[in-house]
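A short write-up of the structure that comes next.
Lettering of chains follows the sequences in order, A, B, ..., and the numbering in each one begins at 1.
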Protein chains: 2
Amino acid sequence: MNASNPPGLRDRKKAATRQAISNIATRLFVERGFENVSVAEIARAAAVARKTVFNYFPRKEDLVFDREEEVLELVRQALAQRGRQAPVHAFQALVRALVESQHPLLRITERPVQFWRAVAESPALTTRAQELQVTLADDLAGMLSDAVGRPRTDPAGRLAAAMLMGTLVVAYGEALAAFRENRKPMKALVGVLERGFTGVNVALAGTPYV
Amino acid sequence: MNASNPPGLRDRKKAATRQAISNIATRLFVERGFENVSVAEIARAAAVARKTVFNYFPRKEDLVFDREEEVLELVRQALAQRGRQAPVHAFQALVRALVESQHPLLRITERPVQFWRAVAESPALTTRAQELQVTLADDLAGMLSDAVGRPRTDPAGRLAAAMLMGTLVVAYGEALAAFRENRKPMKALVGVLERGFTGVNVALAGTPYV
DNA sequence: TAAAAATATTACACTCAGTATAAGATTTGT
DNA sequence: ACAAATCTTATACTGAGTGTAATATTTTTA
């Protein structure tokens, strides 16, 4: 639970171990598929106890998805620095900015295409991805509600978050499809995005969210 | 893969076994919670082999959620009989009709409230419910696209489906919350619903879906 | 109605994810 | 250098889900 300060030896070793496990796991998954690699095998390859793997990654799927916190941080920042802008608009502005600045999270290249193909081929990973979408929508709903000083259970906030995340997921999926079919991924992405955003703005009209 | 005809003895026995397993499982889950009942125990209580339980319900969670087909059938029917109405509007009309006719699927009573509380208390069931939401959104997207003669991957259809399902889930959740707080569940439900529907209609404006 | 074909149930053995616990090793603060 | 805190490990366990082949039951055919 440390924060700043020079990271001690312990923390550096932990980071190294975590990274090593993650790297080896990724390599094995790419080579042979998620379902065909056991945690025991990963532990062996990383020269570490099986339990240690679970210490760092409570579920096997977490070896693949470990950028949740990064995403949340981006949203937090955007909402904190939004000035007088409505929170939903601030979120939309964030997404547009990430697209235009070619941020790694939304940039479409061969890498993410292969990554998401692998996810699609694994039932466990697909399920986990869906779980993540819902978790993110939930967190987003909480942040939006906080921003307008309403209870975190406010249905309007939930509705906004669900629609925004839904839009984002569909848009990103379409961008991946476009890439595979040699169409312009970013154009496809923005097309869906603006459609969805327009809808959200109307749905939330009359509320402080927008 | 039989369809009509008088159901033979075999089919009747199968239906009976399935129902018996499901009933006993439900009882045990209610008594002691989903995670605290093993499939082995269910099998024993139902006087059946463990493997037989898995024959009928591939995953343990399927013992709880087994109304997917029923929902899909409702949507199929509504879209088939929609006449010249746009598919998204037909879907919205279906939902409104279910609400007004107090259809069991959307009626809020003590039963569903307890059911969904139990789901919320179980990580495995929560995950499965999310999975179902995504599956339903996917099927809905396919049906909407079919209805307007576009490929099942059409992003507009996907967007419509994602937003509609998102709206439905948030609205239903809010209705459950309203029930617990002694507010009018149906009023809460319809409130969120109409908000979401308005947004969807705008998002999809200019497309044949609406 | 009796045998043959089809299908359902069962027993058995197995893999693997995830948890619990306590002992041993390493880092950190004094 | 010592003690406290924390990380790793060995070991053993529970429970979900799969594969397979033997057995029982229903349906079909003759």
Side-chain angles (χ1 to χ4, degrees), chain A residues 1-22 24-25 28-29 32-66 122-129 131, chain B residues 1-22 24-25 28-29 32-66 122-129 131:
Chain A
M1 288 304 157
N2 176 19
S4 47
N5 301 338
L9 173 57
R10 177 164 268 160
D11 286 330
R12 271 181 289 138
K13 275 202 174 177
K14 281 188 71 172
T17 307
R18 183 191 175 87
Q19 197 58 52
I21 294 173
S22 173
I24 287 182
L28 291 178
F29 290 156
R32 324 212 314 262
F34 184 78
E35 339 276 342
N36 304 319
V37 181
S38 71
V39 174
E41 218 170 338
I42 296 168
R44 221 177 311 126
V48 109
R50 205 174 72 100
K51 178 76 205 221
T52 300
V53 176
F54 281 116
N55 280 349
Y56 286 98
F57 306 93
R59 273 160 304 178
K60 189 186 173 189
E61 292 83 16
D62 296 338
L63 284 160
V64 175
F65 298 110
D66 58 345
S122 157
L125 290 181
T126 301
T127 295
R128 181 71 183 121
E131 223 175 337
Chain B
M1 293 306 152
N2 175 19
S4 47
N5 301 338
L9 172 58
R10 177 166 268 162
D11 286 331
R12 271 180 290 138
K13 275 201 174 178
K14 281 187 73 171
T17 307
R18 184 192 174 87
Q19 196 59 51
I21 294 174
S22 173
I24 286 182
L28 292 178
F29 290 156
R32 324 210 318 256
F34 184 78
E35 338 277 342
N36 304 318
V37 181
S38 72
V39 173
E41 218 169 339
I42 296 168
R44 221 177 313 124
V48 108
R50 205 175 71 102
K51 183 78 207 245
T52 300
V53 176
F54 281 115
N55 279 350
Y56 286 98
F57 305 94
R59 272 159 305 177
K60 189 186 172 188
E61 292 82 14
D62 296 338
L63 284 159
V64 175
F65 298 110
D66 59 345
S122 157
L125 289 181
T126 301
T127 296
R128 181 70 183 123
E131 222 176 338

What side-chain donor-acceptor pairs closer than 3.5 Å can you find for residues 47-57 of chain B, not counting sequence neighbours?
none

Practice task
Whole angstrom is fine here: how far is it from CG in B:Asn36 over to C1' in D:dG15?
Solution key: 12 Å
Practice task
Starting at atom NZ of B:Lys14, determine the distance to atom C1' of C:dT10, rounded to an integer number of angstrom.
Solution key: 15 Å
Exercise for the section: Measure from the side-chain N and O atoms of A:Lys60 to the backbone N and O of A:Phe34, and report whether any donor-acceptor pair falls under 3.5 Å. Expected result: yes
Handout entry: Protein-nucleotide distance (B:Leu63, atom CG; D:dA16, atom P), rounded to Å
Key = 10 Å
Exercise for the section: Provide, to the nearest angstrom, the distance between the NZ atom belonging to B:Lys60 and the P atom belonging to C:dA17. Expected result: 18 Å
Fill in the blank from the handout: Closest to the 5' end of DNA chain D, once B:Val37 and A:Tyr56 are matched to their nearest nucleotides, is A:Tyr56
Completion exercise
Contacts of B:Glu131 meeting salt bridge (Lys or Arg N to Asp or Glu O under 4.0 Å) (sequence neighbours excluded), chain-then-number -> B:Arg59, B:Arg128
Practice task
Supply the atom-to-atom distance B:Arg18 CZ to B:Leu63 CG, rounded to the nearest 0.5 angstrom.
Solution key: 8.5 Å
Practice task
Take the protein atom CZ of B:Arg59 and the nucleotide atom C1' of C:dA17, then report the distance between them rounded to whole Å.
Solution key: 16 Å
Fill in the blank from the handout: To the nearest angstrom, the CG-P distance between A:Asp62 and C:dA17 comes to 13 Å
Problem - B:Ile42 and B:Phe29: CA distance, side-chain angles, deciding distance, side chain to side chain contact (heavy atoms under 4.5 Å, CB included) verdict - result: CA-CA 10 Å; B:Ile42 296 168; B:Phe29 290 156; 3.7 Å; yes
Completion exercise
Among the nucleotides C:dA8, D:dT8, C:dC16, whichever has the atom closest to the side chain of A:Thr52 is D:dT8
Exercise for the section: Rounding to 10 degrees, work out the angle separating the end axes of the helix from C:dT1-D:dA30 to C:dA23-D:dT8 (five pairs an end). Expected result: 10°
Exercise for the section: Classify every nucleotide of nucleotides 19-30 of chain C by which part a protein heavy atom approaches to under 4.0 Å, writing B for the base, S for the sugar-phosphate alone and - for neither, in 5'-to-3' order. Expected result: BB-----BBS--
Practice task
Output all residues satisfying salt bridge (Lys or Arg N to Asp or Glu O under 4.0 Å) with A:Arg32, sequence neighbours left out; order by chain, then residue number.
Solution key: A:Glu41
Exercise for the section: Output all residues satisfying side-chain hydrogen bond (donor to acceptor under 3.5 Å, both in side chains) with A:Ser122, sequence neighbours left out; order by chain, then residue number. Expected result: A:Glu35
Completion exercise
Nearest heavy-atom approach of A:Ile24 to A:Ala46 is CD1-CA, 3.5 Å
Fill in the blank from the handout: Numerically ordered, the residues 40-48 of chain B set in heavy-atom contact under 4.0 Å with DNA chain D is none
Fill in the blank from the handout: Which of D:dT8, D:dG17, C:dT10 is nearest the side chain of B:Ala49? It is C:dT10
Practice task
Measure across B:Ser22 and B:Asp66 and return the closest heavy-atom pair with its distance rounded to 0.1 Å.
Solution key: OG-OD2, 4.4 Å
Completion exercise
Scanning both residues in full, the closest heavy-atom pair of B:Leu28 with B:Val37 reads O-CG2, 3.7 Å
Exercise for the section: Please state how far atom CZ in A:Phe57 lies from atom P in D:dC7, giving the value in whole angstrom units. Expected result: 15 Å
Practice task
Could you tell me the separation between the CD atom of A:Glu35 and the C1' atom of D:dA16, rounded to a whole number of Å?
Solution key: 15 Å
